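Here the structure is a predicted model, which is why all the values come from computation and not from measurement. Each ligand, and each atom within it, is numbered from 1 in the order the structure gives. All residue numbers in this chain count up from 1 along the given sequence.
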Amino acid sequence: MSAGLYSTRAMLSTVMIESIGPGGQLLITDEIENYPGFQTGVKGQALADEMFSQADRFGAKMEYAEVEAVENLHDDRKLIRTSEGDFTARALIIATGGSHNKLGATGEDEFSGRGVSYCAVCDGNFFRGQDVVVVGGGDAAMDESFYLTGICNSVTVIHRRDELRATKVLQDRAFANPKYKWLWSHVVEEFVGNDVLEAARVKNLKTGEVYDYPTAAAFIYVGFHPNTEYFKEVLDMDELGHVYADIHMRTNVPRVYACGDARAESTRQLGAAVGDGITAALAAFHDLSS
Ligand SMILES: Cc1cc2nc3c(=O)[nH]c(=O)nc-3n(C[C@H](O)[C@H](O)[C@H](O)COP(=O)(O)OP(=O)(O)OC[C@H]3O[C@@H](n4cnc5c(N)ncnc54)[C@H](O)[C@@H]3O)c2cc1C
């Protein structure tokens, strides 16, 4: 949306193609405390709405469609095939972000939506006052588990290591909160229950013991992968699929740019993604004008 805002203000005819709704990962983030300009933090959804309205006010069009393929990227007019039809553009900014990784435990798909979730902000309320688990030890796990502590009776973090990967400030906040319980050096092997999830079958990696840990819900945060599959053959990427771009967000293909979480070496922070989008739009403006 920052790319859309800047390119439309630069008088480029701009379409933002979005498959779910404006906001991306903001829509599954409760509180953002580190986005500059908000002394007391801001709700993800509220910030997404503001960003969308601002881009919309300047004329950036939002098309609700799933990009399914891209063709002719080296041509003057690039072809973007979507669920709602084809688009052509002289410049293409890739801001497709990333998606949650699955854990790969038995029963994960079976209990998805019936206790297994990837979004505490979306589903946490269903488990108000109950005991839940969070799987993972990074920033997303700590951010979302903290949200759950405001709703649930207890939140047990299941982590395969014996220390967290999350930033220090998030760790400190969690360790100070009595609602947390910790299963260090544990992995989830299976989700078990009848109609709904009843327990996570966990394994203690130090002792080898396998046992059922009762829980009403399991929220999984074990990383992301970039949404860049359809660029694989054409764009230079790292081994996980993040697109390489220079400091102007230019990729190896002229007038194709990559920004935000989809870009290699991204800090995967909102402020950085916003800045990347601005840089990409200004580079596109420069390239189209020269
Ligand atoms: C739980 C959580 C908490 C976070 N907390 C913070 C925080 O406190 N501070 C911070 O700075 N950052 C935080 N982040 C990270 C921040 O949200 C991301 O860095 C940022 O949203 C990345 O923006 P983006 O535009 O690159 O990608 P995304 O936000 O992932 O947006 C990508 C968009 O592209 C769309 N899309 C993808 N593929 C297609 C397709 N084929 N067709 C059409 N549309 C498509 C998606 O629907 C999505 O809307 C958090 C993230 C999560 C998950």
Side-chain angles (χ1 to χ4, degrees), residues 1-6 15-38 40-49 51-52 55 62-70 80-87 92-101 117-124 134 136 138-148 166-167 169-170 173 219-232 241-243 245 249 257-281:
M1 288 191 283
S2 67
L5 171 68
Y6 269 67
V15 175
M16 301 184 288
I17 303 174
E18 169 57 57
S19 57
I20 297 172
Q25 292 167 57
L26 281 182
L27 301 181
I28 56 165
T29 305
D30 179 41
E31 189 82 21
I32 297 162
E33 293 184 324
N34 57 1
Y35 189 69
F38 296 90
T40 54
V42 60
K43 297 279 180 198
Q45 174 80 64
L47 185 57
D49 290 349
M51 283 187 184
F52 173 68
M62 178 71 80
E63 293 283 353
Y64 292 96
E66 171 92 29
V67 174
E68 291 170 340
V70 287
I80 297 109
R81 295 200 186 277
T82 80
S83 54
E84 306 303 315
D86 295 348
F87 293 79
L92 171 64
I93 297 174
I94 300 162
T96 46
S99 303
H100 290 282
N101 288 344
S117 168
Y118 303 85
C119 178
V121 178
C122 320
D123 299 331
V134 165
D139 283 355
M142 286 306 100
D143 185 78
E144 295 284 286
S145 58
F146 188 74
Y147 174 78
L148 290 169
T167 46
V169 64
L170 296 183
R173 185 174 72 172
F219 294 88
I220 298 169
Y221 300 100
V222 290
F224 285 90
H225 58 273
N227 298 320
T228 55
E229 306 79 43
Y230 27 79
F231 299 106
K232 260 193 184 116
H242 301 94
V243 180
M249 308 301 139
Y257 312 82
C259 56
D261 287 13
R263 178 176 71 81
E265 308 295 339
S266 165
T267 53
R268 297 227 330 239
Q269 287 294 290
L270 183 61
V274 166
D276 279 8
I278 294 169
T279 305

task: At a heavy-atom distance under 4.0 Å, which protein residues reach ligand 1? Sort them by chain and number, would you?
output: I17, E18, S19, I20, G21, G24, Q25, I28, T29, I32, N34, A65, E66, V67, A95, T96, G97, G98, D143, E144, F224, N227, Y230, G260, D261, R268, Q269, L270, A273
- prompt: What distance do Y118 atom OH and S99 atom OG have between them, rounded to the nearest 0.5 Å?
  reply: 12.0 Å
message: Please determine whether the number of non-hydrogen atoms from other residues, nucleotides or ligands lying under 6.0 Å from atom CD of E229 exceeds 12.
response: yes
message: How about CZ on F231, more than 12 heavy atoms from neighbouring residues, nucleotides or ligands closer than 6.0 Å, or not?
response: yes
- request: Mind listing the closest non-hydrogen atom pair of A258 and A245 along with its distance?
  value: O-CB, 4.0 Å
query: Do you know the tightest heavy-atom contact between M1 and M16?
result: CA-SD, 3.9 Å
statement: In short, G21 meets Y64 closest at the heavy-atom pair CA-CE2, 4.1 Å
